[in-house]
Protein chains: 2
Amino acid sequence: MARAGLNPQVVVRAAAQLADEVGYEKLTLAALASRLGVALPSLYKHVRGADALAQKLSALAIAELADEMMTAAAGRSGGDALRAVAVAYRSYARRHPGRYPASQRVPDPADPEHLAAGERAVGIAYAMLQGYGIDGDAAVDAARMFRAAVHGFVALEATGGFGLPREVDRSFAQLIAALDVAFRSWPSAVAG
Amino acid sequence: MARAGLNPQVVVRAAAQLADEVGYEKLTLAALASRLGVALPSLYKHVRGADALAQKLSALAIAELADEMMTAAAGRSGGDALRAVAVAYRSYARRHPGRYPASQRVPDPADPEHLAAGERAVGIAYAMLQGYGIDGDAAVDAARMFRAAVHGFVALEATGGFGLPREVDRSFAQLIAALDVAFRSWPSAVAG
DNA sequence: TCGCTTAGCTAATGCCATTAGCCTCCTGGC
DNA sequence: GCCAGGAGGCTAATGGCATTAGCTAAGCGA
């Protein structure tokens with residue numbers, strides 16, 4: 001009965017890796033325990049249960065995603081920043097097909113780090129929009145547009161909602177270009 | 001042991017209603033059987049299993065959604081059509097919080113009606129874009145942009161990813177306006 | 001060194017999906 | 001009008017997963 005040396009962090013990281021391998025919906029405590037070489041109930045010494053694990057995984061993923069978005073945005077503004085952040089977002093979703101869906105879970109209000117990571121991601125969008133001269137209420141709308149378009153795209157791509165893979169890159173580039181057009185004329189769009 | 005009078009259509013319709021009530025992820029054969037007043041295994045006389053039920057539910061939902069989009073688009077073009085179709089799409093997703101996620105499942109290639117319904121929905125988008133003078137490869141990209149933005153928005157809205165409900169209507173109107181701007185200048189966006 | 005906390009374990013429970021096999025109702029052909 | 005068979009119910013059994021309870025041993029600290 002040698003100790004396996006687990007702790008909450010190790011468990012969550014293993015869950016993230018396993019989710020990326022088998023898919024978020026197939027991430028199961030049983031599979032995770034098997035991967036870690038322990039019996040299933042042993043996991044309860046480190047996480048409260050399946051739901052709590054999903055919550056912690058969400059916090060991990062959104063923090064990673066925010067970090068990569070921030071790195072992409074660094075030193076860029078306007079259309080450059082838009083493109084870099086959007087590409088980084090999609091790249092994360094593609095490299096981490098299990099973590100990404102996890103990140104979309106609504107943050108646990110009782111987890112300050114989770115909330116902070118979420119706000120960090122939103123903050124990057126606001127900063128990016130600032131470069132287009134968009135702020136205040138308009139920035140709320142524009143940030144939601146950005147999130148919706150990019151999340152929608154990667155979600156549809158992940159579920160195979162699109163056709164040939166080759167063309168998807170071009171479509172994403174067009175989406176970025178279209179967002180750029182929309183953001184550059186955002187104030188006039190308000191009148192529409 | 002009076003016959004319950006079930007058939008595949010009745011079962012799928014009941015599943016749709018139940019999904020809207022309890023949520024797609026909580027739609028379970030056990031709950032459905034209970035709702036229909038039969039024992040769980042009895043459902044297997046009408047559907048092959050949980051996965052097949054999800055598939056049939058997806059076909060039902062995408063057909064309904066396509067119908068509502070088509071009705072909204074009828075007699076409209078350009079920005080009017082865009083707005084009407086987008087509003088109809090979101091309206092369907094909000095009125096049918098269980099059916100809508102089901103509709104996002106990738107169609108069963110062996111189900112011609114399912115495929116047809118999916119293509120009908122995409123066709124509406126193409127027709128709408130025709131009103132902007134967008135066709136060919138550009139229409140593929142623009143249709144994906146439309147789908148991504150609208151799906152992303154309603155998905156984030158459904159999971160509570162946004163803040164106060166009041167402001168969400170305004171954000172959606174802005175999203176439609178932004179799409180209108182993007183589509184009106186789509187050819188120039190290609191260069192970007 | 002001794003004791004206590006803690007990280008493992010096994011056992012038991014309950015829910016769900018699925019399959020097998022039975023029984024009865026209804027219908028259709030004679 | 002009957003009876004044969006298909007179809008639509010059922011119960012029972014199996015297996016996977018999550019969760020809880022309670023036991024045991026490892027390792028740390030006094």
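Lettering follows sequence order; numbering is per chain, from 1.
The cationic atom of A:R144 (NZ for Lys, CZ for Arg) lies less than 6.0 Å from the six-membered ring centre of B:F162 and within 45° of the ring axis. A cation-pi arrangement is absent between A:R90 and A:F153 under the rule of less than 6.0 angstrom and at most 45 degrees off the ring axis.
D:dC17 atom P lies 20 Å from atom CD of B:E25, rounded to whole Å. What separates CG of B:D51 from P of C:dC16 is a distance of 18 Å, to the nearest Å. Atom pair A:L36:CG and C:dC9:P shows a separation of 11 Å (rounding to whole Å applied). Distance, B:L32 CG to C:dC16 P: 12 Å, rounded to whole Å. Rounded to an integer number of Å, the gap from A:K45 NZ to D:dG27 P is 16 Å. Here C:dT18 presents its P atom at 11 Å from CG of B:L43, a figure rounded to the nearest Å.
Counting any heavy atom pair closer than 4.0 Å across all strands shown, A:L40 reaches a base atom. If you check every strand for non-hydrogen atoms under 4.0 Å, B:A39 touches a base. Across all strands shown, B:S42 has heavy atoms under 4.0 Å from base atoms, whether or not it also approaches the sugar-phosphate.
Counting only heavy atoms from C-beta on, B:H46 has its side chain closest to D:dG9 among D:dG9, C:dA17, C:dG8. Taking the side chain of A:L29 as heavy atoms from C-beta on, and the options C:dG8, C:dA17, D:dA18, the nearest nucleotide is D:dA18. Closest contact between the side chain of B:Y44 and the listed nucleotides C:dT18, D:dA18, C:dC9 involves C:dT18. You'll find that the side chain of B:P41 is closest to C:dA20, out of C:dA17, D:dT19, C:dA20.
Put simply, the side chain of B:S58 never gets that close to the backbone of B:A54: no donor and acceptor are under 3.5 Å apart.
Within the 4.0 Å cut-off from OP1 or OP2 of C:dC15, not a single side-chain nitrogen or oxygen of B:T28 is found.
By the 4.0 Å N-to-carboxylate-O rule, A:E113 lies too far from A:R120 to be salt-bridged with it.
Within 6.0 Å of the CZ atom in A:R170, the count of heavy atoms belonging to other residues, nucleotides or ligands exceeds 12.
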